[in-house]
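Accompanying notes for the structure given below.
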Amino acid sequence: MKWIATLVVCWAAGAAWAQSNLGVEFRWQIAHHCNANSPVIKVKNIPAGTTSLEVVMTDLDSNNPAHGGGGGMVTLEAGFPSDYAIPAGALDKYVGPCPDNFTTLGHEYEIKVTALNANKQALSKGSHKAPFSGKFVILQGVIGSP
C-alpha cells in the first residue's frame, strides 16, 4: 500500500508540472505604446491535443484597464504544433500597454497563456513578465524590431 501512495504523490506532482510548462516569450516595441495590436507571442512546448490558446495580459502595477490588459483566444481546429508564434495583432480583446508613467518607470505586464483541448480543459500553462516604459524599450534595443 505504501508504494501506491508514493505512486499517487508522484503522479500528482507530474500532473502539476505538466500544467505549467509552456514557454512564453514576447518583446515590447515603442509602437505597442497605447496600441491595440498585440505583440508576437512565441509559445513553446504546446502539448498534443491543444486546439486553443487562451491569452490574458495583466498590468501588474495597476487595476486600471486603460493601462493595458485583456487578451483573446487563438484557435486552430487541426491543433497546434509544439512551437507556435501567435501573430502580431491576433488578440481581439487586447488593450496595449499604456502606463501613466511611460516616460519614467512604466509598469510591469504579464502575459499568461493556457493551452486548451477541444473540451476547453487546460492542458498546460505558462507566462512571461516584462516591464514597459520608454526607457526600458530603448535600453532593450527593440525600437523598430519585428
Report the distance from atom [atom1] of [X] to atom [atom2] of [Y], rounding to the nearest 0.5 Å.
{"X": "M57", "Y": "E110", "atom1": "CE", "atom2": "CD", "result": "11.0 Å"}
{"X": "I41", "Y": "I111", "atom1": "CD1", "atom2": "CD1", "result": "4.0 Å"}
{"X": "I46", "Y": "L53", "atom1": "CD1", "atom2": "CG", "result": "5.0 Å"}
{"X": "K112", "Y": "K129", "atom1": "NZ", "atom2": "NZ", "result": "8.5 Å"}
{"X": "H32", "Y": "S38", "atom1": "NE2", "atom2": "OG", "result": "7.0 Å"}

For residues [X] and [Y], determine if any side-chain heavy atom of one lies less than 4.5 Å from a side-chain heavy atom of the other.
{"X": "I86", "Y": "V43", "answer": "yes"}
{"X": "E54", "Y": "K120", "answer": "no"}
{"X": "W28", "Y": "H33", "answer": "no"}

So, for [X] and [Y], which heavy atoms are closest and what is the spacing to 0.1 Å?
{"X": "Y94", "Y": "A36", "result": "CD2-O, 3.3 Å"}
{"X": "H67", "Y": "H107", "result": "ND1-CE1, 3.3 Å"}
{"X": "A122", "Y": "T114", "result": "CB-CG2, 3.8 Å"}
{"X": "A85", "Y": "V40", "result": "CB-CG1, 4.1 Å"}

ring-ring contact (aromatic ring centres under 6.0 Å, His included): which pairs involve residues 68-92, sequence neighbours left out?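 The answer is F80-Y84.
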
Can you list the residues that meet the side chain to side chain contact (heavy atoms under 4.5 Å, CB included) rule with N35, with sequence neighbours excluded?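 N35: side chain to side chain contact (heavy atoms under 4.5 Å, CB included) contacts with N37.
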
How would you list, by chain and number, every residue that makes a side chain to side chain contact (heavy atoms under 4.5 Å, CB included) with P47, sequence neighbours excluded?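 Per chain and number, P47 pairs via side chain to side chain contact (heavy atoms under 4.5 Å, CB included) with L22, T50, A115, L123, S124.
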
Check step by step if side-chain contact (heavy atoms from CB on, under 4.5 Å) holds for T75 and S52. CA-CA 4 Å; T75 302; S52 300; 3.3 Å; yes

Hey, does the side chain of D59 reach the backbone of G68 with a donor-acceptor pair shorter than 3.5 angstrom?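 Such a contact is absent between D59 side chain and G68 backbone.
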
Between N119 (side chain only) and Q121 (backbone N and O only), is there a donor and an acceptor less than 3.5 Å apart?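 Looks like no, no N/O pair under 3.5 Å.
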
Is there a path of hydrophobic side-chain contacts, each under 4.5 Å between heavy atoms of I, L, V, M, F, W or Y residues, that connects M73 with F26?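 Not linked; separate clusters.
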
